[in-house]
Undergrad: 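Pasting in a structure now, in structure tokens, and then I'll have a few things to ask.
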Amino acid sequence: MIIRQENENDYDRIYELVKTAFETARVSNGKEQELVNELRGSDKYIPELALVAEDNSGIIGHILITRTFIVEGDNKFEGLYLAPVSVKLENRKQGVGSRLIKESFRIAKDMGYSSVFLVGYPAYYQRFGFKSLSSFGIKYKLPIPEENALGCELVPDALSGVKGTIDSF
């Protein structure tokens, strides 16, 4: 398996992968594939953090991490938003998602980013250092169940003293 940056030729396969992967997800709104396309077309898109996992059969996993901001009054803190990570059903429980997350975090840290946020299943994401956003004093503007609103520091104490609201993803 290799992990590489997505390219335009991958977009249709990624769309179908994300759609299929989230049909069985514990946390899903059924529109994750549309979110990927929307974020890819926005100023939040960071090409270096849009990765695919590929083996001899083709693309088996995808991750998209984009730019987001925590806002409190005039203060604005730049962070990253992970949405989503997807793995083909037949390739789950083989470490594909973990490798995508770890590689994207390595790249993000090398690029100077210090924190990542997401909405997801806590039992899965805690192994990567994610904790409840409320433990950092951060929340989403949208109504998200607290147990699914998570954040992770790529750099120790990166969110120390950061408070506010994540306006959007």
Undergrad: What residues form a ring-ring contact (aromatic ring centres under 6.0 Å, His included) with Tyr125, not counting sequence neighbours?
TA: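 Listed in chain order: Phe130.
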Undergrad: side-chain hydrogen bond (donor to acceptor under 3.5 Å, both in side chains) with Glu78: which residues, sequence neighbours excluded?
TA: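 Scan of Glu78 (side-chain hydrogen bond (donor to acceptor under 3.5 Å, both in side chains), adjacent residues dropped) gives Arg67.
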Undergrad: Can you name the salt bridge (charged side-chain N to carboxylate O under 4.0 Å, His left out) partners of Glu147, sequence neighbours left out?
TA: none
Undergrad: Does the Ser160 side chain pair with the main chain of Asp157, one donor and one acceptor, at a distance under 3.5 Å?
TA: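 Not a single qualifying donor-acceptor pair exists.
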Undergrad: Counting only N and O atoms by type, is there a donor-acceptor contact under 3.5 Å from the side chain of Ser135 to the main-chain atoms of Ser132?
TA: yes
Undergrad: Apply side-chain hydrogen bond (donor to acceptor under 3.5 Å, both in side chains) to Arg4 and list each qualifying residue two or more places apart in sequence or on a separate chain.
TA: Asp10, Glu54
Undergrad: Under the salt bridge (charged side-chain N to carboxylate O under 4.0 Å, His left out) test, which residues partner Glu6, sequence neighbours left out?
TA: Arg40
Undergrad: OH of Tyr113 to CD1 of Ile46: how many Å apart, nearest 0.5 Å?
TA: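 Here the interatomic distance stands at 3.5 Å.
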Undergrad: Run the side-chain contact (heavy atoms from CB on, under 4.5 Å) test against Lys102 and tell me which residues pass, sequence neighbours left out.
TA: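 Expected list: Phe128.
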Undergrad: Can you find a side-chain donor-acceptor pair between Ser134 and Glu146 that sits under 3.5 Å?
TA: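 There is such a pair between these side chains.
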Undergrad: Any donor and acceptor pair, going by atom type alone, linking the side chain of Glu153 with main-chain N or O of Leu159 inside 3.5 Å?
TA: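 Pair found, side chain donor or acceptor close to backbone of Leu159.
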Undergrad: For Pro47, check side-chain contact (heavy atoms from CB on, under 4.5 Å) against everything at least two apart and list the hits.
TA: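 So Pro47 forms a side-chain contact (heavy atoms from CB on, under 4.5 Å) with Gln5, Tyr45.
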Undergrad: Does either side chain, that of Thr24 or that of Arg92, offer a donor lying less than 3.5 Å from an acceptor on the other one?
TA: yes
Undergrad: Got a sec, which residues hit side-chain hydrogen bond (donor to acceptor under 3.5 Å, both in side chains) with Asp55, two or more places apart in sequence or on another chain?
TA: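 Testing Asp55 for side-chain hydrogen bond (donor to acceptor under 3.5 Å, both in side chains), a comparison that skips the adjacent residues, returns Ser57.
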Undergrad: Report the residues that fulfil salt bridge (charged side-chain N to carboxylate O under 4.0 Å, His left out) with Arg106, sequence neighbours left out, ordered by chain and then residue number.
TA: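 So Arg106 forms a salt bridge (charged side-chain N to carboxylate O under 4.0 Å, His left out) with Glu103, Asp110.
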Undergrad: Taking only residues at least two apart or on different chains, which pairs with a member in residues 125-136 satisfy salt bridge (charged side-chain N to carboxylate O under 4.0 Å, His left out)?
TA: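 Counting only pairs at least two positions apart or across chains, no salt bridge (charged side-chain N to carboxylate O under 4.0 Å, His left out) contact touches residues 125-136.
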Undergrad: Under the salt bridge (charged side-chain N to carboxylate O under 4.0 Å, His left out) test, which residues partner Glu72, sequence neighbours left out?
TA: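 Per chain and number, Glu72 pairs via salt bridge (charged side-chain N to carboxylate O under 4.0 Å, His left out) with no residue.
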Undergrad: Could you tell me whether a side-chain N or O of Asn148 sits under 3.5 Å from a main-chain N or O of Gly120, the two making a donor and an acceptor?
TA: yes
Undergrad: Does Glu90 have any side-chain hydrogen bond (donor to acceptor under 3.5 Å, both in side chains) partners at least two apart in sequence or in another chain, and if so, which?
TA: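 Glu90 satisfies side-chain hydrogen bond (donor to acceptor under 3.5 Å, both in side chains) with Lys88 once adjacent residues are dropped.
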